[in-house]
Structure formats: C-alpha cells, structure tokens
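Step one of this worksheet: look at the structure below.
The chains referred to below are lettered A, B, ... by the order of the sequence lines, with proteins before strands, and numbering in each begins at 1. From a predicted model like this one, the values you see are computed outputs, not experimental measurements.
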Number of protein chains: 2
Amino acid sequence: MASTVAPHQKQFIEEFGNLYAAYGLKRLNGLLIGLLLSSEGPLSLDEISTVLNRSKGLISDATRRLNVLGYIKKIEGPESRKDYYTADADIFINVFHFNMQTVRKNLEIADRFQHELERQPKKDAGRWKTNLSVMNAFYKQMSDFYDGFEDLWNKKKKEL
Amino acid sequence: MASTVAPHQKQFIEEFGNLYAAYGLKRLNGLLIGLLLSSEGPLSLDEISTVLNRSKGLISDATRRLNVLGYIKKIEGPESRKDYYTADADIFINVFHFNMQTVRKNLEIADRFQHELERQPKKDAGRWKTNLSVMNAFYKQMSDFYDGFEDLWNKKKKEL
DNA sequence: CCTTGCGTTTAGAAAAAACTAAACATTCTA
DNA sequence: TAGAATGTTTAGTTTTTTCTAAACGCAAGG
C-alpha cells in the first residue's frame, strides 16, 4: 500500500481535519477518518503514521479510541500480525449518535431542573422557568426528529 | 443584583459548562449562557465576572463574541452607561443553526469530491467513491430533516 | 479640563492539549 | 531461545488555549 497520497486525496483529508476541528473534535481524528474514507483498502498503523506524518504511538492511541467509538474498524491482516484499519460503513450514523446523546443530555437537564424548581419553588425564578420550558420543548422536538431521521436512514440504507 | 448564586443555580451553570465542554465548545461560554438563562434579569459585566470568578477582560471578550453569534443579547442599561446581558430568546435555535452549518459543509464536501472524482476518473478509487455517495445521501437527508425541523419549531414557538 | 466609571486591548503567565521518542511488552519466526 | 516485527505506554517537550493584571481609551459629570 502506498505510503503517500494523491494531491486531491490529500485535500480531502485536510477538509475532514478542518471539519472536525471546526466542530470542536480533534483535528487528528478528522484527518484519520478522511484518510480511511478515501483509501482503497485497509491501512496499517505504520502507513497511517507515515501519511499523516505523526508518531506511531499517537496513531496507535487515536485508532484505538476511534475503534471503540465505532468510527473505524480493525481488520485482521491476512498474512502478518499487523493490524489494519478501515472506516466503518456506519461511520456517519455513528457520529450522528454522538450528537443525539448531546441532545438527550440537554433534554435531561431541562427536565431535571424543571422538577427541581417545582419541588422547591423559588420566587424570582420566572425567567429561569420560562427558559427551561422552551429548552425542554426544543430538545424534545429535536429528540423526536432524530428518531424519525434514524428510521428513515435505515430504510434508505437498504436501497443503497 | 446579587453577585452570588443559589446552590442549584450554581449546579445548573456547571451543567451547562460541562455540556459545552463535552461538545467541544468553550466551557466558559457554557457557564455564561447557563448563568444568563437562570438569572431573573440582565446582568452586568462586573456581576458576571464576579459570579463566574473570571477577570473582567475575559468576560468582556466572551460576551462580545456570544453577542455576535446571537446567543446572548446586550441590553441598554436604563440608568448608567453599563452594559447588561441576557440570554437571547432564540438561543436554542441559534445554536442549532451552528450545527446546520456543519451538516451543510459535510454535504458540500461530499458533492465537491464526487465531481472531482468524475472529472478525473482514478482507478482504485472505488471505495472512496462508495463512501462519498453514502456521505452525500446521509447529509442530504439530514439537511432536509433540519429544514423540516425548523419549520415545525417556528410553528410550535408561536403556541408558547 | 479633571476625575471617575466603565469596556477593551494587550503582554505575558498558567494550564491544558497534542505530540514525540524511547522504553516496553508481546508474539511470531528462524 | 534469540531476534525481529509489531502495538502500547510513558515521560517529557512543544504548541495552543485560557486566563489575569494592568494599561488604555472613551464618555459623562462635576
């Protein structure tokens, strides 16, 4: 497998890095995922390390984490005892699940503090109360929407 | 206005800080927004600075940025020339718009590189091509969903 | 004008994150 | 069983981010 990469693949990888960075995630994770998405076959640690120009230890750590998150997959190398990595087919939905968690967390917080304020009614918390119910309504709707989204995607995926 | 804060408001503020941090955004922004959401009236720079225990310069900078993003609003103080800040009523939808941008960016990238690969057909880019079309389909659907979400929310907001 | 009360900018300190190089552990191979 | 090829852990360095303290600028009121 080539340890270097064509110009527009390089560009794609960079875009992914930037995307992840802009999103607050680790730039390196973006680079890694961009690389695996645009590579024909699975890549070894050393290959990734060379292309991305990072030390082996760092890549070892990054791949392990991304593997746990379900963003990339470890492949048993056929011949040697090398590990090979490839982008998980469900990577997009898995990243989406991460977002979903945040939405659920928002909803949970709104709920919790709404109950808190009811249980122990404070004067001068009118604004807070109002904000909590808007927050609750918003993330409830979003949560429902996300469920709908996932159902639809699962159907569409079968067609592809 | 009180320069200190009840225990469970403190807790709410912390939750918001953690939420933002977990999302990759600045923890301080979360704290600030949590504070404003749970405060009865607008707060001055100095009050925010005291409650969050950060220097005035830092808070000055943070508020200005959040104001530009539309997450918080500057209120003209009636008596003095102090600036007062409050959480924008549309804060949740505005944060949502930020996500939307990322989704659109993903879609744009998928599109762009699909065209790139067509224009200049590489052999051994089968995997990349497949991934791009999955990516395209995924973020297209998500983009559509987001539009639908926003329409529905605008309707629901009128009821509240 | 001079002073006072405010928000902003800035230089640099402190803390956190990203990264490297090297030691280490494990497993295969000869 | 020694050597080679691998992935992991660790200690420490570099880079980036966050934050403070103080200087600054500007407007209002005497």
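- Aromatic ring centroids of A:Phe12 and B:Trp128 lie under 6.0 Å apart.
- Salt bridge status for A:Glu159 with A:Lys156: absent, with no side-chain N to carboxylate O gap under 4.0 Å.
- Here C:dC6 is the nucleotide among C:dC6, C:dC19, C:dT8 with the atom lying nearest to any side-chain atom of B:Lys82.
- Dashed line: the shortest gap from a side-chain N or O of A:Arg64 to OP1 or OP2 of D:dT9 is under 4.0 Å.
- Using a 4.0 Å cut-off between charged nitrogen and carboxylate oxygen, B:Glu40 and A:Lys129 do not count as a salt-bridge pair.
- Within 4.0 Å (heavy atoms only), B:Leu58 reaches at least one base atom of the nucleic acid.
- When the nucleotides D:dC19, C:dA18, C:dT8 are ranked by their closest atom to the side chain of A:Lys26, C:dA18 comes out on top.
- Distances were taken from every side-chain heavy atom of B:Ser60 (C-beta onward) to each of C:dT20, D:dC19, C:dT9; the shortest belongs to C:dT9.
- Not a single donor-acceptor contact under 3.5 angstrom links the side-chain atoms of B:Arg81 to the base of C:dG7.
- Between B:Asp61 and B:Lys26, none of the side-chain N atoms (NZ, or NE/NH1/NH2) sits under 4.0 Å from a carboxylate O, so this pair counts as no salt bridge.
- Of the candidates D:dT8, C:dT8, C:dT20, C:dT8 carries the atom nearest the B:Lys56 side chain, counting heavy atoms from C-beta on.
- In the set D:dT8, D:dC19, C:dT8, D:dC19 carries the atom at the smallest distance from any side-chain atom of B:Arg54.
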